[in-house]
Amino acid sequence: MAGDQLIVLNALDVAKTQMYHFTAIVIAGMGFFTDAYDLFCISLVTKLLGRIYYHVDGHPKPGTLPPGVSAAVNGVAFCGTLAGQLFFGWLGDKMGRKKVYGITLILMVVSSLASGLSFSKDPTAVMATLCFFRFWLGFGIGGDYPLSATIMSEYANKKTRGAFIAAVFAMQGFGILVGGVVALIVAAAFDHRFKAPPYSVDELKSTVPQADYVWRIILMFGAIPAALTYYWRMKMPETARYTALVAKNAKQAAADMSKVLQVEIEAEEDRVAKIDEVGNNSFGLFSREFVKRHGIHLFGTASTWFLLDIAFYSQNLFQKDIFSGIGWIPPAATMNAIHEVYKIARAQTLIALCSTVPGYWFTVFLIDIIGRFAIQMMGFLMMTIFMFAVAIPYDHWTKRENRFGFVAMYSLTFFFANFGPNATTFVVPAEIFPARLRSTCHGISAAAGKAGAMVGAFGFLYAAQSTDPSKTEAGYPPGIGIKNSLIALGCINFVGMLCTLCVPESKGKSLEQLTGENEDNDETGQAATTARTVPV
């Protein structure tokens with residue numbers, strides 16, 4: 001295939017790992033660091049928001065966010081992310097990856113800062129402004145998904161492409177970890193400086209006025225890493241694959257990559273013009289030809305991401321509820337408001353440190369050895385097994401002497417989510433679709449994932465409530481309980497394993513070999529359809 005490939009693209013495919021690869025990983029990865037920090041830090045402060053703005057005098061338990069408000073605060077960023085993935089994914093294919101890349105970062109920085117500046121004494125006004133800015137924060141984050149994945153995919157060599165894309169996504173693990181650490185530091189500092197009794201001792205004094213600064217600082221901190229990478233994003237040249245195959249500017253592509261690779265590359269303007277004239281790769285997203293070549297693949301990438309995110313985000317966003325349910329976090333009434341933030345952050349930081357971050361990096365190191373398909377199948381399978389192992393004997397795990405065993409089992413589901421489909425669902429859509437549709441198709445797949453995240457975020461709020469009406473949180477109807485919710489998530493993971501059969505293996509192949517692009521002969525239409533779904 002290399003003989004048919006443009007010289008500039010072949011140079012990228014066979015290039016040895018160089019400093020520009022690591023530079024691209026850091027620039028794109030810091031966006032994902034910010035994405036994860038901003039999306040997951042809200043779960044650290046929702047109980048604090050309930051105490052501050054929804055306190056009920058004389059109630060035996062601290063205030064909590066009403067069901068509708070909690071669903072909005074937890075889920076509105078996902079709505080924005082879904083919209084951003086579709087919009088910026090499409091725009092990245094129309095305008096170019098680089099031109100759109102800076103816009104998403106500016107949105108993230110401004111909205112992250114504004115989220116912490118939701119000033120008002122009225123709870124409705126605070127929650128409304130918080131939700132408004134978190135929607136636009138999500139909109140910017142959504143654009144980062146298809147653009148970062150596509151840019152890294154198009155810059156990488158074919159031998160280690162999977163590891164490079166996965167390394168960008170692995171920064172999400174550090175974002176979750178740092179979110180917990182920041183919350184720990186802020187909560188510890190405020191708890192030490194502003195002493196307060198537990199809620200059961202004095203319900204009013206347990207929430208000091210300064211607690212209102214805690215959640216704001218935690219949310220606003222996410223703007224810092226994003227702002228630091230803006231300059232470097234703007235310095236990156238457009239990817240050669242977009243410039244040559246979509247913009248049809250072979251001379252610019254060769255010039256840009258000559259600087260990046262520090263070698264002289266010939267500009268094949270006649271070859272690019274000839275490929276364009278043949279027209280075998282001019283089909284659109286909604287054409288019959290696209291459905292024939294890539295329809296089953298798009299279904300596979302979208303459905304697996306959708307199913308994965310139902311389980312992943314419901315677990316991540318509501319860890320605090322599960323840990324409270326087994327007694328790993330003390331009852332809210334036994335703590336003051338700031339100390340509760342500390343306890344929640346400690347639990348989530350330990351999970352991130354022990355399972356989330358290691359899982360990501362196992363994928364980075366093994367994805368180009370084992371392959372995407374095997375890792376995703378194994379991940380879904382192990383998530384199913386461990387979820388059932390947690391859920392079926394759930395009453396056993398709630399006993400005090402077994403709580404650490406529960407945390408270990410629960411952590412393993414996170415480990416195999418990240419050493420599994422949470423990483424591969426991000427990697428594969430950036431590899432298997434044509435350059436002119438790559439960002440769009442990645443955005444569609446990612447948006448399906450965020451639709452799943454919303455199902456998890458909104459649905460789990462209600463489903464996980466106790467079946468006993470007297471034990472539900474204020475304002476919630478009875479649900480199916482945490483045990484049955486976890487069983488349902490295990491079933492979802494199993495279906496994800498079945499849908500993985502629709503996803504092709506892309507290990508070790510050039511992007512053009514996978515998509516059938518960049519050929520000026522009649523075999524173009526065959527390349528994409530000959531890729532096997534299951535490796536042999």
Side-chain angles (χ1 to χ4, degrees), residues 35-54 62-85 111-112 114-116 118 123-124 126-142 172 175-176 179-180 183 214-216 218-220 222 306 308-325 329 332 340-341 344-345 347-348 351-352 414 447 449-465 472-477 479 482 485 489:
D35 297 349
Y37 182 98
D38 288 331
L39 283 178
F40 290 108
C41 69
I42 193 67
S43 66
L44 299 169
V45 299
T46 48
K47 285 188 179 289
L48 178 61
L49 290 171
R51 286 193 186 231
I52 294 172
Y53 295 106
Y54 293 91
T64 58
L65 296 178
V69 175
S70 182
V73 169
N74 281 300
V76 70
F78 293 141
C79 298
T81 303
L82 188 154
Q85 286 163 337
S111 300
S112 186
S115 294
S118 306
T124 303
V126 173
M127 295 302 126
T129 52
L130 177 61
C131 288
F132 175 80
F133 288 118
R134 282 192 63 80
F135 174 86
W136 290 107
L137 173 64
F139 194 69
I141 288 172
Q172 187 179 78
I176 296 170
V214 172
W215 69 269
R216 299 178 188 278
I218 293 171
L219 294 187
M220 293 171 72
F306 172 79
L308 176 276
D309 273 7
I310 293 176
F312 185 78
Y313 278 89
S314 61
Q315 285 175 254
N316 237 323
L317 284 171
F318 302 104
Q319 281 179 18
K320 60 186 184 299
D321 300 311
I322 293 171
F323 290 149
S324 295
I329 295 176
E340 185 177 32
V341 174
I344 294 168
Q348 296 196 187
I351 289 292
F414 272 106
K450 280 302 167 283
M454 285 189 280
V455 171
F458 293 123
F460 198 85
L461 270 172
Y462 292 88
Q465 296 297 316
T472 61
E473 292 185 27
Y476 287 92
I482 290 179
S485 296
L489 293 178

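Values below: all heavy atoms of this structure, side chains included; hydrogens, waters and symmetry mates excluded. In this chain, residues are counted from 1 in sequence order.
- For the atom pair CG of Leu219 and CD1 of Ile42, the computed distance is 5.0 Å after rounding to the nearest 0.5 Å.
- Listed by chain and residue number, Leu82, Phe306 satisfy the side chain to side chain contact (heavy atoms under 4.5 Å, CB included) test with Ala451 (two or more places apart in sequence, or in another chain).
- Every side chain to side chain donor-acceptor pair (under 3.5 Å) that Tyr53 has, sequence neighbours left out, goes to Asp212, Arg216.
- Residues that satisfy the side chain to side chain donor-acceptor pair (under 3.5 Å) test with Gln85, not counting sequence neighbours, are absent from this structure.
- Residues satisfying the side chain to side chain contact (heavy atoms under 4.5 Å, CB included) criterion with Ala83, sequence neighbours excluded, are Phe139.
- Annotation: side chain of Leu130 is in contact with side chain of Ser115 (closest heavy-atom distance under 4.5 Å).
- Take Phe135 and apply the side chain to side chain contact (heavy atoms under 4.5 Å, CB included) test, not counting sequence neighbours, and it matches Val76, Cys79.
- The backbone N or O of Phe40 lies less than 3.5 Å from a partner atom in the side chain of Ser43, making a donor-acceptor pair.
- With values rounded to the nearest 0.5 angstrom, Thr129 atom OG1 is found 9.5 Å from Phe132 atom CZ.
- Tyr37 is linked by a ring pair (Phe, Tyr, Trp, His ring centres under 6.0 Å) to Phe221, counting only residues two or more places apart in sequence or in another chain.
- Once rounded to the nearest 0.5 Å, the distance linking CH2 of Trp215 with CD1 of Ile218 reads 10.5 Å.
- Taken to the nearest 0.5 Å, the CD atom of Gln172 stands 7.5 Å off from the CG atom of Leu39.
- Taken from CG in Leu49 to CG in Leu44, the straight-line distance is 11.0 Å, to the nearest 0.5 Å.
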